[in-house]
Amino acid sequence: MTDETRNPGNGGETHQQASGDAAVLTTNHGVPISDNQNSLKSGARGPTLLEDFVLREKIFHFDHERIPERIVHARGSGAHGYFEATDDISDLSKAAVFTKGEKTEVFVRFSTVAGGAGSVDTPRDVRGFAVKFYTREGNWDLVGNNIPVFFIQDAIKFPDLVHSVKMEADRAYPQAGSAHDTFWDWASLMPETTHMLMWAMSDRTLPRSLRMMEGFGVHTFKLVNEAGDASFVKFHWRPKLGIQSTIWDEALKLQAADNDYHRRDLWEAIDSGDFPEWELAIQVFDEAFAEAQPYDVLDATKLIPEEDVPLRVIGRLVLDRNPDNFFAETEQVAFLPTNIVPGIDFSNDPLLQGRLFSYMDTQKSRLGTTNFHQIPINAPRCPMHNFQRDGLMQTQVPKGRANYEPNSLAEHGEEGGPRESPSRGFATVNAATGADEQGDKLRIRAERFADHYSQARLFFRSQTPSEQAHIASSFVFELSKVGLLDQVPPRMLANLRNVDEDLAQRVADGLALELPAKAKAALEPVDMPPSDALSIHKKMKATLEGRAVGILIADGTDGAALDTLVAAIDGAKGKPVIIAPKVGGAKLADGSMRKADGQLAGTPSQLFDAVAILLSEEGCQALLKEAAAVQFAMDAFGHLKAIGASDAAQPLLDKAGIEPDDGVTGLDDTFLTAAAQRFYDREPGVRTLA
């Protein structure tokens, strides 16, 4: 049996406790665990303590569960470059890397999170954004993501997060996606995930290019000056080209068209001299500001609105050299949050503190495996139960898919696994009496960590109507993939009602479910002023720079018109790509041959940001019989892109079902203006949105 309780005064986390004959959650050595939700800290907001053997064993085992690829962020792309400090912040930090004018060599690795090394570049997923600074004071690693917040508040839950989102434990699928039972089972039981889920279901997880993606340090860090004065800081990377995303249908088709779309895009940009660039901006604030906020700045599920603390640009990052050897550099690079330099320091963010723990490698080095506790001389003589799986020399055979908690698998007759035991579990003696001790030793979260919904509501209400529709449709798609666990979608809908009633109703309608009662919030959410900084559409740059335009030609195309169009795209700093039915090209109206950059059948329109269809009547009649040509136009329209077409191409547009709007133009200057944007008003007419 399992007794389930939620403690509003302790972060609102879910505790599932063993009762009756239920298995008791233990360490690998058989010691019962009293609390699997919170790491041991010195005070509610103090640093995490090294003596927390439950956390250290759990993270240690988790760190070594896969060989040899990374457990998360396995698929990555990297590049060399430099960071140049452009502003004097010596009043804030003594770090040499921030000395104005200083150039520091860097290596940057971008990555997806959930998929393996052999997965694809374009799934709906968070993207890693890790920067290694080779400073003159040592290496500083800023290990972040393209989203400023995270799913969890305490690192002790990180193994559960990743176990739930990875391939299901008993069947090894689905790959590189969160649209399945175990992730949504776990997420629906963890209200603190709600803000991050808003971002994850938005277009932020469908970036157009790694070059058009923001980066964030996620955690609150500290800057320290020569006098020893410390300030809180948040780090932001802002792309020079602006941020842009694809849409879901386009991302799916990109997976079929080019598994290496982002990797290829980054490599080719650097190889052609179009070096990607980002600004490094910071948000700096003090303890007084932190204390005045309705949220806790040490909570990684929260962001600090830019309207409250504006960004200050202090440097720029330029990537100007591709790796010489993928394995030796991109694959073997090791980013460590503990790589820090004087002038930068950690805060007591419990998620950050937990990331600093992953170094319990002595026994692995000595005995060759994280499973050293299974060697008979080390094995406990009492029952041992936990969710730590796999690893080198695993001699046990765990069954079922319960390798995370909380879970509700037992409600469907599956084995749910062991639970906490407060009465029998190990509990640290609370004896903070020495002069050098800093408060009580507690497994607890600060009270304001219990607000899981206010910033989720802020994010959703800051989006444009189109972006909100994408979020609702994403929830519908993902939750529709939940199989036997029919208790999960209603539970998720109950949580979403705390974010926005309209969002919850749209998702319920999309799933054909009755809207359940609102989940009780551990801390009632509050309304915050919408922030344009949180919207992709409101921040998108209307520019062709860095974007690609596909130009479809065929026999009979006007060569002069083609040259004029190519020159205009080049002049706008875009990339013209000529596509023809045959890779050898097409015979133009004057009888000359024009070589194509890609063959129509293998170069679909989802590879481009806008398309131009430059055909003669003869060429159009031929392409009306080509399914790839009709699909080329149809997909461009369906993916909300600008379409410029010659008069003779109209029959092809008609066959593709393309209706006139502001994004369907001739091949004059209006096309270049249209090509710099997406036409989201078109979307309700081309697909059903929640």
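Quick note: numbers below take in every heavy atom, side chains included, and nothing from hydrogens, waters or symmetry partners. Computed from a predicted structure; not experimentally measured.
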If you measure from the Lys or Arg side-chain nitrogens to the Asp or Glu carboxylate oxygens, is any gap between Asp181 and Arg401 under 4.0 Å?
-> yes

Does any N or O in the side chain of His412 come within less than 3.5 Å of the main-chain N or O of Leu485, such that one atom is a donor and the other an acceptor?
-> no

Looking at Lys399 and Glu415, does any basic side-chain N land under 4.0 Å from a carboxylate oxygen?
-> no

Which pairs with one or both residues in residues 335-347 pass salt bridge (charged side-chain N to carboxylate O under 4.0 Å, His left out), sequence neighbours excluded?
-> none

Check: Gln153 main-chain N/O paired with Glu192 side-chain donor or acceptor under 3.5 Å | yes

Would you mind checking if Lys132 and Asp141 are paired as a salt bridge, meaning a charged N to carboxylate O distance below 4.0 Å?
-> yes

Contacts of type side chain to side chain contact (heavy atoms under 4.5 Å, CB included), residue Gln505, not counting sequence neighbours | Ala508, Asp509, Leu515

Salt bridge (Lys or Arg N to Asp or Glu O under 4.0 Å) filter on Lys157, not counting sequence neighbours, yields Asp160, Glu405

Please state whether the rings of Phe129 and Phe110 are parallel, tilted or perpendicular, taking 30° and 60° as the class boundaries.
-> perpendicular

Between Glu524 and Lys518, is there a salt bridge with N-O shorter than 4.0 Å?
-> no

Just jot down the salt bridge (Lys or Arg N to Asp or Glu O under 4.0 Å) partners of Asp502, sequence neighbours excluded, or say none.
-> Arg506

Give a yes or no on whether a salt bridge exists between Arg127 and Glu214, defined as a side-chain N under 4.0 angstrom from a carboxylate O.
-> no

Indicate yes or no: does Arg491 engage Asp185 in a salt bridge with an N to O separation below 4.0 Å.
-> yes

In plain terms, say whether Arg457 and Asp527 are close enough for a salt bridge, that is, a side-chain N and a carboxylate O under 4.0 Å apart.
-> yes

Parallel under 30°, tilted from 30 to 60°, perpendicular over 60°: which one fits the rings of Phe216 and His236?
-> perpendicular

Should the pair Asp52-Arg443 be classified as a salt bridge under the 4.0 Å nitrogen-to-oxygen rule?
-> yes

Please check if the side chain of Asp63 supplies one atom and the backbone of Phe60 the other of a donor-acceptor pair under 3.5 Å.
-> no

For residues 215-228, the side-chain hydrogen bond (donor to acceptor under 3.5 Å, both in side chains) pairs (sequence neighbours left out) are His219-Asp349, His219-Arg355, Thr220-Lys234

Okay, side chain of Lys41, backbone of Ser39: is any donor-acceptor separation there less than 3.5 Å?
-> yes

Which residues pass the side chain to side chain contact (heavy atoms under 4.5 Å, CB included) test with Ser535, sequence neighbours left out?
-> Gln463, Thr464, Glu467, His537, Lys538

Got a salt bridge between Arg461 and Asp500, using NZ or NE/NH1/NH2 to carboxylate O under 4.0 Å?
-> yes

